[in-house]
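Side chains are part of it too, since the values below use all heavy atoms of this structure and drop only hydrogens, waters and symmetry mates. Bear in mind that the values here come from a model prediction, so they are computed numbers and not experimental data. Counting convention: from 1, in listed order, for ligands and their atoms alike.
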Amino acid sequence: MEKAGLLLYINVMTHSLENKTVLLIITGGIAAYKALDLIRLIKKAGGDVRCILTEGGAQFVTPLSVSALSENEVYTDLFSLKDESEMGHIRLSREADLIIVAPASADFIAKMAHGRADDLASATILASDKPILIAPAMNPEMWAKEAAQDNIAALKERGITTIGPAQGDTACGETGTGRMSEPEEIFAAIIGFFHEQPLKGYKALVTAGPTYEPIDPVRFLGNRSSGKQGYAIATALFEAGAEVTLVAGPSVLPDPPGITTQRIETAQEMWQACEAALPAHIAVCAAAVSDWAPKTQKDSKIKKRRNHTPPSIALKENPDILARLAKAGPQRPDMLIGFAAETDNLIENAREKLSRKNCDLIVANAINAGEKVFGSDQNHVHLVTIHEDEHWPRADKKVIARKLVQRIVKHLKEDQDNVARIHAA
Ligand code: C5P
């Protein structure tokens, strides 16, 4: 990619919804409570959310909770002199990059289909010049009715995107298609709207953080890994469209939105969670897995006794997750990436690790005196393959993550081209 293009890509992807304004219309349905989670996810990704609450929507969630979570005023009334003078319905739609209706009730969908404009939400939709995404939510019988299906077909015909509804139990006690899609799925659609998603249809597995190997109920063997780099990679893969499982050791970082996060403690548990997440097209082992674990774990706290020599702890080797993934036979990920933190002979050691563990790429960290990597927001890496090594300047871990995902996309695409060439020959 050209340098300008790369810079733009990194900039756009660093905070996935930064500088984006989403107008969220919450209509009347029990699923309105899920809209609160959606607001939280958009805010977490750096987006600005403005909300319109219909009269029906306000029966299910309060303007106060919507306003507190969105950190914005909530708009409800088309005929409010104050609202219209501060932020009229025309401006509300003009200042948004995307409009989401979640939940979209059967009634509101009908209003949209027929161009009604008798309240703030419907007037804003009719006056809008922006892309619209709707997440229908209703009783399965209502959803199946010809009238509802005709309305949906009309909206789709006009370029409106629908997410869901999903199948399952509905609040009214019936089972079928009608549940609003989960907030994570709607959030993924929003991300997909703003970003190119070259990894759509791909499954990715990421390990992150340290492992804790218990010595007794209060002590463990661990390390200083914060998990920041692995979490950033999981997020970048998700933003690029992949379905991501993150297997994370103890970390203070919150579960990243849209990603299946499995929290584990020991290397053995990490391996079990990774094995369960196979098959995956991509695996990135960013975790700092403890090489050893105490041979036995004491059931009660080892007591310090006066005049006794300190206890010795016998160790056993832990499973090497990266190496095991490489040996997973038909389930071996197409792209397997390891990390290597080295103090000396960075490239040689990384290349040795690459062939010993049979992975496709090593991201090597130079642990230089005076350069903080553990716990830092920044990282300084070399990319090492069998044939080349490439030095990347010190950068934010999120930026490194986006660049790595670009590299993954390039590798997978080259693989596909090779396969196509072989088939064509
Ligand atoms: O051998 P070393 O620990 O230096 O290798 C580092 C790489 O191997 C990292 O990608 C790390 O996540 C992975 N690893 C692993 N399981 C282990 C040890 C390391 O997956 N038990």
Can you give each donor-acceptor pair under 3.5 Å made by side-chain atoms of residues 291-304, sequence neighbours left out, with the distance rounded to 0.1 Å?
none

Inset, instruction - Select all protein residues for which some heavy-atom-to-ligand 1 distance is less than 4.0 Å, and list them by chain and number. - result: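 For ligand 1, the contacting residues are C285, A287, V289, D291, P319, D320, I321, L322, G338, F339, K353, K357.
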Throw together a table of side-chain donor-acceptor distances under 3.5 angstrom for residues 23-32, partners on residues two or more places apart or in other chains.
from	atom 1	to	atom 2	distance (Å)
T27	OG1	P103	O	2.6
T27	OG1	S105	N	3.0

Legend entry - Results of salt bridge (Lys or Arg N to Asp or Glu O under 4.0 Å) for D48 - residues two or more places apart only: R50
Inset, instruction - Any chance you could measure D255, atom CG, to R263, atom CZ, to the nearest 0.5 Å? - result: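 Between atom CG of D255 and atom CZ of R263 there are 4.5 Å.
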Legend entry - Minimum heavy-atom distance between T62 and L53, given as atom pair plus value: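 Looking at all heavy atoms of both residues, the shortest contact is C-CD2, 4.1 Å.
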Legend entry - Electrostatic pair R402:E239 at N-O distance under 4.0 angstrom: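 Answer for the salt bridge query: yes.
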